[in-house]
Amino acid sequence: MSYGVVVRHAANLVTLLRVALIVPFAVAVRAAHAGASGWPAAALFAIIAASDVLDGRLARRFAAASGRGGMLDHGADIAFLLTALGTYAGLGKAPWWVPASIAAAFAVYVATSLRGRAGPPRLIGSRLGHLGGIANYVLVGVLVFNDTVGLDWVPPPVLTACFAAVPGYSGLSILARLGRGRR
């Protein structure tokens, strides 16, 4: 493979790394809750989060940003977030409605982005959706370090407030997207 091909596809390769680490992350979280160390899950989370920051920067740096790459990035994000938060919900560490709220907001995001568009599919971002995505990653990070690693830095009432915020900002994102479609 030539250097030019690697550079042109570097961002997508980093995104695919994130996809490849989703199942090992979930397995590491479950293993930690069965008595193994939580640090492998923390290391995987750090790599996954870093890949989310890095892929977009690489795409812009090498002028390789594309609609398909953006869709791959968003797909990797939602697959990771729903798997991670679904794993924590399955372990009884997060309410089921946290991943459900995120899934609903993402479904509306995709539907409103693709509605009535001609040409290749492209997801249309929003500042509120971007901030919600960051908040979702932070929530997974809090669960990883607070619960899986066992640092217990975030007291239960604060964690409960974080969970309660998810349907709030997810709902605002849905309303903003649906409101934008009526104009």
Side-chain angles (χ1 to χ4, degrees), residues 1 6 9-61 69-107 109-110 125 129-170 173:
M1 193 178 310
V6 171
H9 297 290
N12 290 342
L13 292 172
V14 170
T15 303
L16 290 172
L17 170 66
R18 185 159 71 251
V19 171
L21 294 179
I22 292 170
V23 171
F25 171 80
V27 169
V29 168
R30 288 198 165 276
H33 286 85
S37 170
W39 287 106
L44 288 168
F45 172 75
I47 295 167
I48 289 167
S51 77
D52 188 34
V53 172
L54 185 60
D55 61 1
R57 290 184 176 166
L58 286 171
R60 289 185 294 277
R61 167 71 174 94
M71 289 179 67
L72 178 63
D73 177 54
H74 291 296
D77 286 341
I78 197 66
F80 169 67
L81 291 168
L82 293 181
T83 300
L85 292 167
T87 299
Y88 282 107
L91 292 167
K93 303 296 181 177
W96 66 268
W97 41 264
V98 168
S101 298
I102 295 167
F106 187 75
Y109 167 56
V110 170
H130 179 73
L131 293 174
I134 292 170
N136 294 334
Y137 264 90
V138 168
L139 180 58
V140 172
V142 166
L143 287 166
V144 167
F145 290 98
N146 203 59
D147 182 68
T148 304
V149 172
L151 298 179
D152 292 323
W153 289 344
V154 179
V158 174
L159 191 55
T160 299
C162 291
F163 292 143
V166 175
Y169 62 73
S170 296
S173 177

Within the 4.5 Å heavy-atom criterion, are [X] and [Y] side-chain neighbours or not?
| X | Y | result |
| --- | --- | --- |
| Pro95 | Val98 | yes |
| Val29 | Tyr88 | yes |
| Phe25 | Thr87 | no |

Would you find a donor on one side and an acceptor on the other, under 3.5 Å apart, between the side chain of [X] and the backbone of [Y]?
| X | Y | value |
| --- | --- | --- |
| Ser170 | Pro167 | no |
| Ser101 | Trp97 | yes |
| Asn136 | Gly132 | yes |

Gap separating the CD1 atom of Ile102 from the OG atom of Ser173, nearest 0.5 angstrom
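Ile102 atom CD1 to Ser173 atom OG measures 11.0 Å (nearest 0.5 Å).
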Interatomic spacing from CG in Leu54 to CZ in Arg61 - rounded to 0.5 Å
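Spacing of CG (Leu54) from CZ (Arg61) equals 12.5 Å.
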Hey, could you give me each pair passing salt bridge (Lys or Arg N to Asp or Glu O under 4.0 Å) that has a residue in residues 34-56? Not counting sequence neighbours.
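Residue pairs with at least one partner in residues 34-56: Arg18-Asp52, Arg18-Asp55.
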Considering only residues two or more places apart or on different chains, which pairs with a residue in residues 82-101 satisfy salt bridge (Lys or Arg N to Asp or Glu O under 4.0 Å)?
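Non-adjacent pairs meeting salt bridge (Lys or Arg N to Asp or Glu O under 4.0 Å): Lys93-Asp147.
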Tell me whether the rings of Phe145 and Phe45 are parallel (<30°), tilted (30 to 60°) or perpendicular (>60°).
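Geometry flag for Phe45 against Phe145: perpendicular rings.
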Quick one: closest heavy-atom pair of [X] and [Y], and the distance?
| X | Y | result |
| --- | --- | --- |
| Ala28 | Leu44 | CB-CD1, 4.1 Å |
| Asn146 | Trp153 | OD1-N, 2.6 Å |
| Leu159 | Val154 | N-CG1, 3.8 Å |
| Thr148 | Ala32 | CG2-CB, 3.4 Å |

Consider ring-ring contact (aromatic ring centres under 6.0 Å, His included). Of Phe106, Tyr109, Phe80, which one does His74 pass it with?
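The ring-ring contact (aromatic ring centres under 6.0 Å, His included) with His74 is passed solely by Tyr109 among Phe106, Tyr109, Phe80.
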Name the one of Val23, Val140, Ile22 that satisfies side-chain contact (heavy atoms from CB on, under 4.5 Å) with Thr83?
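When Val23, Val140, Ile22 are each tested with Thr83, the side-chain contact (heavy atoms from CB on, under 4.5 Å) holds only for Ile22.
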Only one of Val19, Leu13, Leu21, Thr15 passes side-chain contact (heavy atoms from CB on, under 4.5 Å) with Leu17; say which it is.
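It is Leu21; the other options fail the test.
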